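See below for the structure under consideration.
Below, chains carry the letters A, B, ... as their sequence lines are ordered, and counting in each starts from 1. Computed from a predicted structure; not experimentally measured.
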Amino acid sequence: GEEVAQTPKHLVRGEGQKAKLYCAPIKGHSYVFWYQQVLKNEFKFLISFQNENVFDETGMPKERFSAKCLPNSPCSLEIQATKLEDSAVYFCASSPPGVRGTYSGANVLTFGAGSRLTVL
Amino acid sequence: AQSVTQLGSHVSVSEGALVLLRCNYSSSVPPYLFWYVQYPNQGLQLLLKYTTGATLVKGINGFEAEFKKSETSFHLTKPSAHMSDAAEYFCAVSGPFPGGYQKVTFGTGTKLQVIP
């Protein structure tokens with residue numbers, strides 16, 4: 001499709017429960033990025049993928065967060081044992097490969113509408 | 001490391017007035033600069049970007065931005081504000097990186113209010 005599809009739009013979890021979010025990138029886009037937006041401010045980078053391979057995971061809190069992009073499946077972001085501070089909107093973005101087949105930084109990110117996670 | 005500073009978390013303008021949203025960047029490599037807009041309950045939408053070449057960049061909805069290397073700035077302007085411009089605007093920076101890439105780093109956003 002021509003849009004980045006994120007599901008669910010809203011997710012409510014009790015503290016300590018697991019949360020899983022999904023992202024279907026635009027067809028033909030080989031890069032996927034996850035960002036966390038807290039309180040309508042900072043977009044915190046979490047992780048990026050080049051196809052099914054982790055490209056950059058420097059932003060991931062590894063003890064509770066994990067992510068995958070498997071062939072022929074939506075990408076996923078999973079939070080084990082959610083905490084109150086995980087309440088945020090999680091945005092997925094995808095990008096096509098650059099002229100040389102790699103992400104150059106100049107590529108435009110196309111964002112999904114986000115998934116709002118509320119941890120009670 | 002790269003970073004972006006957006007001056008003013010809230011900007012109010014009258015309908016028809018000039019819109020000026022400020023963005024200053026820090027980058028150790030030639031930057032790629034972007035402005036994105038976020039409407040309520042939506043994701044980010046690209047307004048315009050600068051990579052190389054002409055420093056005055058025109059985007060959608062009548063917006064434009066000028067890359068000024070000497071001032072490390074990339075301010076967003078629009079000559080005449082419309083009510084539909086009310087949204088949150090994010091400046092972002094990335095850049096080329098030998099053998100890899102610079103991930104996109106966003107500013108903290110400026111909420112634009114348009115007063116009738």
So for B:Y50, is it side chain, backbone, both, or neither that comes closer than 4.5 Å to the heavy atoms of chain A? neither

Residue pairs passing the disulfide (SG to SG under 2.5 Å) test where at least one lies in residues 1-56 of chain B, sequence neighbours excluded: B:C23-B:C91

Carboxylate-amine/guanidinium contact A:D86 A:R64, below 4.0 Å: yes

With a 4.5 angstrom heavy-atom cut-off, could you sort out which part of B:L44 is near chain A: side chain, backbone, both or neither? both

I'd like to know if A:K27 pairs up with A:E2 as an ion pair, taking the criterion as any Lys NZ or Arg NE/NH1/NH2 lying under 4.0 Å from an Asp or Glu carboxylate oxygen. no

Heavy-atom distance under 4.5 Å to chain B: side chain of A:T110, backbone, both or neither? neither

Mind checking whether A:F91 and A:F43 have ring centres under 6.0 Å apart? yes

